[in-house]
Asks: 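My structure is below; once you've seen it, I'll send some questions.
We count residues from 1, following the sequence as given.
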Amino acid sequence: MAAGEPGDLGGYYFRFLPQKIFPSLSAPDTTSRLRQWSMLGRIKAQAFGFDQTFQAYRKDDFVMAFFKDPNVIPNLQLLSDSSGQWITLGFYWCVLPFNK
């Protein structure tokens with residue numbers, strides 16, 4: 001089975017949904033509050049779909065599969081503490097404790 005195929009990471013397969021819109025983050029009331037709290041531009045929502053029903057008792061498998069999935073690593077963005085710039089998870093992949 002090739003990397004990124006269902007089954008190689010606990011059976012979950014994730015897909016990045018870059019076109020997903022989150023109207024609540026761009027609503028005038030929300031942007032006003034984010035600006036007030038100096039959070040405007042420092043919060044972002046990203047969507048990923050997955051191919052199985054989420055089962056709470058498998059939450060650990062789900063999280064591990066998510067952060068190791070080859071469709072998540074190059075797309076999930078994090079705000080860098082040091083530079084304040086958005087970077088991808090792939091940039092920090094080598095320092096994450098669950099990269100074993």
Asks: I need the minimum non-hydrogen distance between Ser80 and Ile87, along with the two atoms involved.
Replies: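 So the minimum-distance heavy-atom pair works out to CB-CD1, 4.1 Å.
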Asks: Would you name the heavy atoms of Tyr12 and Thr53 that are closest together and state the gap between them?
Replies: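 What the structure gives for the nearest pair is OH-O, 4.3 Å.
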Asks: Please report the interatomic distance CZ(Phe66) to CG(Leu76), rounded to the nearest 0.5 Å.
Replies: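 Nearest 0.5 Å value for the CZ-CG distance: 5.0 Å.
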Asks: Please set out all donor-acceptor pairs under 3.5 angstrom arising from side-chain atoms of residues 34-46, sequence neighbours excluded.
Replies:
unit_1: Lys44; atom_1: NZ; unit_2: Gln77; atom_2: OE1; d: 2.3
unit_1: Gln46; atom_1: OE1; unit_2: Gln77; atom_2: N; d: 2.8
unit_1: Gln46; atom_1: NE2; unit_2: Asn75; atom_2: O; d: 2.8

Asks: Using modelled atom types only, decide if a donor and an acceptor are shared between the side chain of Thr30 and the backbone of Ser24 within a distance under 3.5 Å.
Replies: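 A pair under 3.5 Å: yes.
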Asks: CD1 of Ile21 to CD of Gln19: how many Å apart, nearest 0.5 Å?
Replies: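 Spacing of CD1 (Ile21) from CD (Gln19) equals 8.0 Å.
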Asks: With side chain to side chain contact (heavy atoms under 4.5 Å, CB included) as the test, would you mind laying out the steps for Asn71 and Tyr13 before giving the verdict?
Replies: CA-CA 8 Å; Asn71 294 314; Tyr13 175 78; 3.4 Å; yes
Asks: Using the rule ring pair (Phe, Tyr, Trp, His ring centres under 6.0 Å), only one of Phe48, Phe67, Phe62, Phe54 pairs with Phe14; which is it?
Replies: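 The passing option is Phe62.
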Asks: Please report the interatomic distance CE(Met64) to CG(Asp69), rounded to the nearest 0.5 Å.
Replies: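 The CG atom of Asp69 is 12.5 Å from CE of Met64, to the nearest 0.5 Å.
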Asks: Can you name the residues that form a side chain to side chain contact (heavy atoms under 4.5 Å, CB included) with Ala47, not counting sequence neighbours?
Replies: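 Result, side chain to side chain contact (heavy atoms under 4.5 Å, CB included) vs Ala47: Leu17, Lys20, Phe22.
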